[in-house]
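A short write-up of the structure that comes next.
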Amino acid sequence: MSSVFHRVPDRNLPIAVRGDGMYVIDKDGKRYLDSYAGGACVSCLGHSHTAAIEAVQRQVGKLAYIHGSMFTSEPLETLGDILTTDAPDGLTKVFFVNSGSEAVESALMMARQYFDEIGQPTRRKVIARRSSYHGATLTSIGVGHQMARRAPFEQILPDVLHIAPCYEYRGRRETETAEQYGRRVADELEQAILSLGPETVMAFVAETVTGTTSGAVPPVPGYFKRIREICDRYGVLLLLDEVFCGLGRTGTLHACQQDGIAPDFLTLAKGLAAGYQPIGATLLNTKIYDAIVSGSGVFRGGFTYSGHATACAAAVAVQRTLRSEGFLENVRGLAALLRSGLEDRFGQHPNVGDIRGRGMLMTLELVENRESKTPFPVQNGLSARIYRSAMSRGLIAHALGGTVDGVNGDHVVVCPPLIAAPEDLEAIVTMLGQSIDTALSEIRVTAT
Ligand code: PMP
């Protein structure tokens, strides 16, 4: 009996002992092919990347940690330079934290402090989107919209107004083009700002490409341009959360590059040190930095481990790799293979309603009926069955419920390490197909 309060206490977890490229190996020697980058879209360089491992070993042997209010360090300064050099326009400063939740939380704290510093103290409210995830601190749970996560804490969550996501498969009307749909849902932001009173709103928060909640939902063309216009019109800061979809995952360094806009805050984590160390970051606009530094002088956030030297050293090695010649081009090639593999295998599948995503971040949305897009009944537990079936055949796969509205629907997110070989992607598609079909046949047996 384990003494650990595990995240999923009733799961019989295998003991992971070693990583080998695209594989995780358990204590019994069973190998698991990784279709979900470490089980959370983290391990973008796989599980045995030499440069990242050596960077950690070197730094920990020199200086593992020193507090950021008393010293800076070489890896911290180098990482800051790397991230700001090719950041979206205007994001000239970066604040380091330890996780995605802390990156979102810190950005919102900076937004709040910024408006005090510039004499707009009534701006306190946040608008975000339904079907989103922004972390597991109380503030980030409140900004996000995952029903199961929110439920026990609802009464102590911050008051956030949630508008519609940009979820074309379920939201676009037959009479609309993708662009018209995007405009309609983006315009909900303007209505929300007006209903709250523009002088009370400080920030709008969105994942550029939604990660887990409804599974890899990319925005339609023009959606974020419209969002940016509306934020600018009402002086609202735009926070794009790329903790999940950022840093090469979508085929460009930042996902929002493909939408032609720059936010005021960009949050990063998972792919930053690719799991070789925990680290997150909040990139921020010059005007926010200047207002705080020339105002009260100090940001009132920050953590003991912000800018941890060893974590920064790992991130430097990972970020240099992502920026090395041909790396992102290769990711784009792999992404095309992954998409066509999924389309070939599942395009005609009677229970796959939508195949969507951007780059190496893809999703299959499962439905009982393709015509009506009706999801499977929740009590079928389809996603849990797919997860079990995948793990038993040695595939790390992420199948989740609540796709449609936080309760109904099932989807599988496919976001393998970016170092995959074409054969790995083929094997992932094959094993995923077997896992889904086994889960579906279990449901049919149960029904008869
Ligand atoms: N934002 C997004 C978009 C995420 O996907 C996640 C993690 N899944 C977070 C924030 C929170 O990151 P962490 O778990 O590192 O706190």
Side-chain angles (χ1 to χ4, degrees), residues 6-8 36-44 95-109 126 128-146 148-150 153 157-158 160 162 165-167 203-219 224 238-250 254-256 259 263 265-283 301 303 305-306 308 311 314-315 318 357-363 396 398-400 402-403 406 411 413-415:
H6 283 291
R7 299 189 56 162
V8 191
Y36 198 56
C41 200
V42 167
S43 308
C44 61
F95 187 79
F96 288 105
V97 295
N98 312 292
S99 67
S101 307
E102 290 178 10
V104 171
E105 186 108 10
S106 299
L108 290 172
M109 290 166 75
V126 175
R129 304 190 302 178
R130 295 189 292 277
S131 293
S132 60
Y133 185 68
H134 297 292
T137 57
L138 287 172
T139 302
S140 54
I141 290 180
V143 174
H145 202 262
Q146 271 197 353
R149 286 245 186 194
R150 293 178 63 95
F153 313 112
L157 294 181
V160 172
H162 291 94
C166 185
Y167 182 6
F204 175 62
V205 185
E207 293 166 79
T208 312
V209 178
T210 307
T212 47
T213 316
S214 328
V217 186
F224 272 116
L238 175 59
L239 190 173
L240 287 184
D241 182 352
E242 298 203 0
V243 164
F244 201 93
C245 65
L247 297 172
R249 171 64 50 193
T250 62
H254 304 295
C256 62
D259 300 284
F265 295 104
L266 185 72
T267 51
L268 306 171
K270 300 172 183 278
L272 189 49
Y276 287 91
Q277 289 283 288
I279 184 168
T282 304
L283 282 152
F303 303 92
Y305 300 112
S306 290
H308 191 288
V318 171
R358 186 184 277 182
M360 286 279 273
L361 172 53
M362 296 294 294
T363 275
I396 299 171
H398 190 61
L400 233 102
T403 321
H411 63 275
V413 182
V414 186
C415 52

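Source: prediction; values computed, not measured. Just so you know, residue 1 is the first one in the sequence shown, and it goes up from there. Atoms considered below: every heavy atom in the structure, side chains included; atoms not considered: hydrogens, waters and symmetry mates. As the structure lists them, so they are numbered: ligands from 1, and atoms in each ligand from 1.
Side-chain contact between Val104 and Thr139 is absent, with no heavy atoms from C-beta onward closer than 4.5 Å.
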Are there any N/O pairs under 3.5 Å between ligand 1 and the protein, and if so, what are their distances?
unit_1: ligand 1; atom_1: 1 (N); unit_2: Asp241; atom_2: OD1; d: 3.3
unit_1: ligand 1; atom_1: 1 (N); unit_2: Asp241; atom_2: OD2; d: 2.7
unit_1: ligand 1; atom_1: 8 (N); unit_2: Lys270; atom_2: NZ; d: 3.0
unit_1: ligand 1; atom_1: 12 (O); unit_2: Gly100; atom_2: N; d: 3.4
unit_1: ligand 1; atom_1: 12 (O); unit_2: Ser101; atom_2: N; d: 3.4
unit_1: ligand 1; atom_1: 15 (O); unit_2: Gly100; atom_2: N; d: 2.9
unit_1: ligand 1; atom_1: 16 (O); unit_2: Gly100; atom_2: N; d: 3.4
unit_1: ligand 1; atom_1: 16 (O); unit_2: Ser101; atom_2: N; d: 2.8
unit_1: ligand 1; atom_1: 16 (O); unit_2: Ser101; atom_2: OG; d: 2.5

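For the residue pair Ser132 / Glu207, no side-chain donor-acceptor distance below 3.5 Å is found, with atom types taken as modelled.
Remark: Arg130 pairs with no residue by the salt bridge (charged side-chain N to carboxylate O under 4.0 Å, His left out) rule, at least two apart or across chains.
The minimum heavy-atom distance linking Ala107 with Leu239 is given by the pair CB-CD1, 3.5 Å. Of all heavy-atom pairs spanning Ala255 and Arg358, the tightest one is O-NH1, 3.0 Å.
With values rounded to the nearest 0.5 angstrom, Arg249 atom CZ is found 7.5 Å from Phe244 atom CZ.
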